[in-house]
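Worksheet for the structure shown next.
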Amino acid sequence: MTSITTSGVTLNIKSCRTKFAHRFVRSLLQIRNHARPSSSSSSEEKLIQKRRQRIKIAAYSSMAHAVGPRMNWSRALLFKLRNRACRHRKKKTIVVIRRKTKKASRSSQGSVPVDQAKKLRRLVPGAKSMDLCSLLEETAHYITCLSTQIKVMQALADHLSK
């Protein structure tokens, strides 16, 4: 049986995969049941985009719930999804997110590991205030869970395409 031990917590990958698969399929069924028929092609494109977004959220939510609150990244994802749902319920307006413009690349004043750690902190949810060792552990676990997510979604797609 495959397992990962981080910070004294043993995580069973097969059970995480099973939990993720069950939760994700249940979410997909809910998405399908809430689908509304559309009449025009422009609204059909919007519905496809909404459905894609719902599937993405369902995948992240299922993955975070499968792991539970043991890891920082899963707690951060669950918190973000919960807050997003609350905001979405409160106001139904479209929010435009402005991205920061990229600054010109800095000279080689900063050390390479620090710059790479900053990049990792942006990629892994909940990793903004971690020390490097914890950051690497969380990143390894997050990558493992993402690969599990891909395997489950690929198996689902293969099964449904037959």
Side-chain angles (χ1 to χ4, degrees), residues 1-36 46-103 110 113-157:
M1 196 171 285
T2 310
S3 63
I4 297 177
T5 304
T6 57
S7 307
V9 177
T10 302
L11 303 171
N12 186 347
I13 298 302
K14 293 208 187 245
S15 83
C16 285
R17 181 180 299 167
T18 305
K19 286 180 188 176
F20 168 73
H22 285 290
R23 206 171 182 101
F24 184 59
V25 168
R26 200 172 1 162
S27 298
L28 288 177
L29 290 173
Q30 286 177 349
I31 291 169
R32 187 188 71 184
N33 292 339
H34 292 305
R36 297 180 191 128
K46 288 179 183 178
L47 283 175
I48 290 172
Q49 288 177 345
K50 263 187 180 178
R51 186 176 286 179
R52 182 185 61 83
Q53 185 66 22
R54 286 182 183 147
I55 291 170
K56 181 180 173 183
I57 290 169
Y60 280 126
S61 175
S62 300
M63 183 175 65
H65 277 97
V67 172
R70 295 176 290 218
M71 304 300 285
N72 283 341
W73 67 263
S74 64
R75 283 194 305 270
L77 255 178
L78 291 171
F79 180 76
K80 183 177 180 179
L81 292 171
R82 205 172 308 128
N83 282 348
R84 183 184 182 282
C86 290
R87 279 194 315 256
H88 185 68
R89 272 186 250 129
K90 287 181 183 175
K91 58 181 180 180
K92 299 281 183 175
T93 60
I94 298 173
V95 179
V96 177
I97 299 172
R98 295 182 190 170
R99 293 186 179 234
K100 294 180 183 178
T101 57
K102 290 188 176 184
K103 297 178 182 177
V114 172
D115 290 342
Q116 290 175 347
K118 282 183 183 179
K119 289 178 185 176
L120 268 181
R121 283 187 176 95
R122 279 186 248 137
L123 292 173
V124 178
K128 286 189 167 111
S129 62
M130 285 185 197
D131 63 303
L132 188 59
C133 184
S134 298
L135 174 65
L136 294 175
E137 283 181 15
E138 288 280 330
T139 304
H141 187 264
Y142 186 60
I143 290 171
T144 304
C145 286
L146 286 174
S147 68
T148 301
Q149 183 184 36
I150 290 169
K151 288 174 186 172
V152 167
M153 293 172 91
Q154 186 65 51
L156 240 147

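Everything quoted here is computed from the prediction, not taken from an experiment.
- Residues satisfying the side chain to side chain donor-acceptor pair (under 3.5 Å) test with S134, not counting sequence neighbours, are D131.
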Without placing hydrogens or testing angles, list every side-chain donor-acceptor pair under 3.5 Å for residues 60-69, not counting sequence neighbours.
unit_1	atom_1	unit_2	atom_2	d
S61	OG	H65	ND1	3.3
S62	OG	F24	N	3.4
S62	OG	A58	O	2.7
H65	ND1	S61	O	2.9

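- Separation of atoms CD1 (I57) and NZ (K80) is listed at 9.5 Å; rounding is to 0.5 Å.
- Judged as a side-chain contact (heavy atoms from CB on, under 4.5 Å), and not counting sequence neighbours, the contacts of L135 are A117, L120, R121, A127, M130, L132, T139.
- One distance of note links CG of L78 with CE of M71; it measures 13.0 Å at 0.5 Å rounding.
- Between atom CE of residue M153 and atom CZ of residue F20 there is a gap of 6.0 Å, rounded to the nearest 0.5 Å.
- Interatomic distance, CZ of R51 versus CG of L28, reported as 10.0 Å (0.5 Å rounding).
- In this view, Q154 and D158 satisfy the side chain to side chain donor-acceptor pair (under 3.5 Å) rule, not counting sequence neighbours.
- A search for side-chain contact (heavy atoms from CB on, under 4.5 Å) contacts involving R122 returns K118, K119, not counting sequence neighbours.
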Worked verdict on C145 versus Q149 for side chain to side chain contact (heavy atoms under 4.5 Å, CB included): CA-CA 6 Å; C145 286; Q149 183 184 36; over 6 Å; no
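- By the 4.5 Å heavy-atom criterion applied to side chains, P125 and F79 are not counted as neighbours.
- In this structure, the separation between CG on N33 and CD on Q30 is 8.0 Å, given to the nearest 0.5 Å.
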Steps toward side chain to side chain contact (heavy atoms under 4.5 Å, CB included) verdict (R32, L29): CA-CA 5 Å; R32 187 188 71 184; L29 290 173; 3.9 Å; yes
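- L146 CG to H141 NE2: the interatomic distance, rounded to the nearest 0.5 Å, is 10.5 Å.
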